[in-house]
J.: 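Sharing a structure below in structure tokens format, with a few things to ask.
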Protein chains: 2
Amino acid sequence: MALSKTGRKGRHGMRLSELSERSGVSTATIKYYLREGLIPAGLRVSATQAEYDEGHLRRLRLVRALIQVGRLPVATAREVLTHVDDESLGRTIRLGAALWALPHGPSPDEDAPETAEARAHVAALLTELGWSTALELGDLSPVHRSLVASVASLVRLGYPCDIGYLTRQARIMEQAAVHDLDEMETYGSEAEQVEKAVASAVLYEPLLMSLRRLAQSEESARRYGL
Amino acid sequence: MALSKTGRKGRHGMRLSELSERSGVSTATIKYYLREGLIPAGLRVSATQAEYDEGHLRRLRLVRALIQVGRLPVATAREVLTHVDDESLGRTIRLGAALWALPHGPSPDEDAPETAEARAHVAALLTELGWSTALELGDLSPVHRSLVASVASLVRLGYPCDIGYLTRQARIMEQAAVHDLDEMETYGSEAEQVEKAVASAVLYEPLLMSLRRLAQSEESARRYGL
DNA sequence: CACCATTGGATAGCGCAACTCTCCAACCAA
DNA sequence: TTGGTTGGAGAGTTGCGCTATCCAATGGTG
């Protein structure tokens, strides 16, 4: 372990190994992410040396969060980050593009008869909710497609998935979404807002689901005892 | 096993190949699931032949849902199903045991300084919420641990994850949980209720998250236009 | 009864994804 | 110089969810 030329954790000029130490990610893995284009190349300071800065560290942490917490496949993470980085787009579109690329469950199985039923179910639900944007985009949106796939699975398993129940749950999710956007607006820069939105989608989802399960346990204990 | 004696819908015996046709799962894969103990063995009718019934079909569909939609590793699915099948337990415990075994994100990294902070955050949150059961079980519960891990990730990325925001989201999730339990109570048998709870956890979660993202899009369009 | 496709069971192999290892020449501080 | 370190590239490893192959017992058909 040789002393690098900078003893301090300087704002600029980290080596790959220092990036590794500070992030807790092995150099081999960082090299892999660099190869895969998840992290921008460092500043080439000579033929065989490159420098990394705080931005790289931050990006690396985001990548780890996407992959480890959010369970995104590497290829998907790359696509999402491409949109996050694309400053040529306006906020809304940039945000939409990033979310658009986010992980979706398996696409609906078009051969299964339940899929058509599920599609109709979802259309009725969106109509009921008055979510015209989602209704118009329809099958083009990956989110819409995973929704259809989820409903199809439930139908296939014999759960009714009735519109009233889904509508109520959707209204609840709407509250959550409103909170999220309120929260997002507290972030100043556009880049931060977009990153926040991505984090919101991939990091807050497991968090919310954990909260939901805890709430279920609480409610169950309340109703039936321990 | 338990299933062959309890869940008789149709008495009519199927061969493995018919089970495959009706479920859309290849015979090879079904054999794999049998080997892995995800599906109880068929009724051995001779040295090299076995019969399967509607219960097996239903179980097979549940397995596919857990693995394909819920993304459960095979080993985890087996563990969950073991609890679902365990008729020696009371409903609440059985339900809890099944949910207990469900997939959790990565465990918190004890080496990271953020983890301690996250743990304190979560404790404060649970106190604020009055969720005493969750508070008492604390770190024993996998759900609690993934919650801590999620919060730690957010903190690590620089998001404040403030208690007020989390409390509001938790209250919203509480509403969702109450709906779920209401819905669950409409199912008659205990076995069905437990299965419903599992389905609720693994199938409804992606569904709810899809709804949340759609709601975010709607709200974003409402605020900022397309 | 004889025939042979089918069945269930066991084992080995495949394909993908996410790393991880190995090598090497360039580099830089001592 | 010199010896440890660096970045880059490709091959290797691991784990998992299947999938393909083989085999003997079976059982419907003629």
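Bear in mind that the values here come from a model prediction, so they are computed numbers and not experimental data. Throughout, protein chains are lettered first and strands after them, A, B, ... in sequence-line order, and every chain is numbered starting at 1. Computation of the quantities below employed the complete heavy-atom set of this structure, encompassing side-chain atoms and omitting hydrogens, waters and symmetry-equivalent molecules.
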J.: Using nucleotides 17-20 of chain C, report all nitrogen or oxygen pairs with the protein that are shorter than 3.5 Å.
T.:
residue	atom	partner	partner atom	Å
C:dA18	OP1	A:Val74	N	3.3
C:dA18	OP2	A:Val74	N	3.4
C:dC19	OP2	A:Tyr33	OH	3.3
C:dT20	OP2	A:Thr29	OG1	3.1

J.: Expressed in angstrom and rounded to an integer, what is the separation of A:Glu18 atom CD from C:dC28 atom C1'?
T.: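 Taking atom C1' of C:dC28 as the reference, CD of A:Glu18 is at 16 Å.
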J.: Could you check whether any side-chain N or O of B:Thr133 sits under 3.5 Å from a backbone N or O of A:Glu218, counting only pairs where one atom can act as donor and the other as acceptor?
T.: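 No; judged by distance alone, with no hydrogens or angles, the pair does not exist.
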J.: Between A:His56 and A:Asp53, do the side chains contain an N or O donor and an N or O acceptor separated by less than 3.5 Å?
T.: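 A donor-acceptor contact under 3.5 Å links the two side chains.
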J.: NA contact type, B:Thr27, heavy-atom cut-off 4.0 Å: base, sugar-phosphate, or nothing?
T.: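 Nothing: the residue B:Thr27, judged by heavy atoms under 4.0 Å, touches no strand.
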J.: Give the rounded distance in Å between these two atoms: OH of A:Tyr52 and C1' of D:dT5.
T.: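 After rounding, the reported distance stands at 14 Å.
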J.: If you find the nucleotide of DNA chain D closest to B:Ser46 and the one closest to A:Ser17, which residue's nucleotide is nearer the 5' end?
T.: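 Checking each residue's closest nucleotide, the 5'-ward one belongs to A:Ser17.
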J.: Rounding to a whole Å, what distance do you find between B:Arg78:CZ and D:dG17:P?
T.: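 Taking atom P of D:dG17 as the reference, CZ of B:Arg78 is at 10 Å.
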J.: Side chains of A:Ser26 and A:Thr29: is there a donor and an acceptor less than 3.5 Å apart?
T.: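 Side chains of A:Ser26 and A:Thr29: pair found under 3.5 Å.
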J.: Once you measure the plane-to-plane angle for A:Tyr165 and B:Tyr204, does it fall in the parallel (<30°), tilted (30-60°) or perpendicular (>60°) bin?
T.: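 Taking B:Tyr204 first and then A:Tyr165, their aromatic rings sit tilted (interplane angle of 30° to 60°).
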J.: Would you check if the side chain of A:Ser220 reaches a backbone N or O of A:Gln216 as a donor-acceptor pair within less than 3.5 Å?
T.: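 No, A:Ser220 side chain to A:Gln216 backbone: no donor-acceptor pair under 3.5 Å.
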J.: Would the distance check show the side chain of B:Ser20 and the main-chain N or O of B:Leu16 forming a donor-acceptor pair, the cut-off being under 3.5 Å?
T.: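 No, the answer is negative, given that no donor and acceptor are paired below the 3.5 Å cut-off.
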J.: Hey, are B:Arg44 and B:Gln49 close enough side-chain-wise for a donor-acceptor pair under 3.5 Å?
T.: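 Note: B:Gln49 and B:Arg44 side chains miss the donor-acceptor criterion.
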J.: Using heavy-atom distances to pick each residue's nearest nucleotide on DNA chain C, tell me which of A:Lys31 and B:Arg44 is more 5'.
T.: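 Nearer the 5' end of the strand: B:Arg44.
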J.: Can you list everything that forms a side chain to side chain contact (heavy atoms under 4.5 Å, CB included) with A:Glu36? Sequence neighbours excluded, please.
T.: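 So A:Glu36 forms a side chain to side chain contact (heavy atoms under 4.5 Å, CB included) with A:Tyr32, A:Leu38, A:Val74, A:Arg78.
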J.: Round to a whole Å and report the spacing from CG of B:Leu34 to P of D:dG17.
T.: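 From B:Leu34 CG to D:dG17 P: 16 Å.
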J.: Rounded to the nearest Å, what distance is computed from the CD1 atom of residue A:Ile30 to the C1' atom of nucleotide C:dC21?
T.: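 Distance check: A:Ile30 CD1 to C:dC21 C1' gives 16 Å.
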J.: Roughly, in whole Å, what's the span from CD in A:Glu36 to C1' in D:dA9?
T.: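 Spelled out: CD on A:Glu36 to C1' on D:dA9 is 13 Å.
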J.: Measure from CG on B:Leu19 to P on C:dG9 and round the result to the nearest Å.
T.: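 Nearest whole value for this atom pair: 13 Å.
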J.: In whole Å, what is the span from the CD atom of B:Glu51 to the P atom of C:dT6?
T.: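 So the CD-P distance, B:Glu51 to C:dT6, works out to 19 Å.
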J.: List, with names and distances, any nitrogen or oxygen atoms from the protein found under 3.5 Å away from nitrogen or oxygen atoms belonging to nucleotides 28-30 of chain D.
T.:
none

J.: Is there a donor-acceptor pair closer than 3.5 Å between any side-chain N or O of B:Ser141 and the backbone N or O of B:Leu137?
T.: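 Checked: no pair found.
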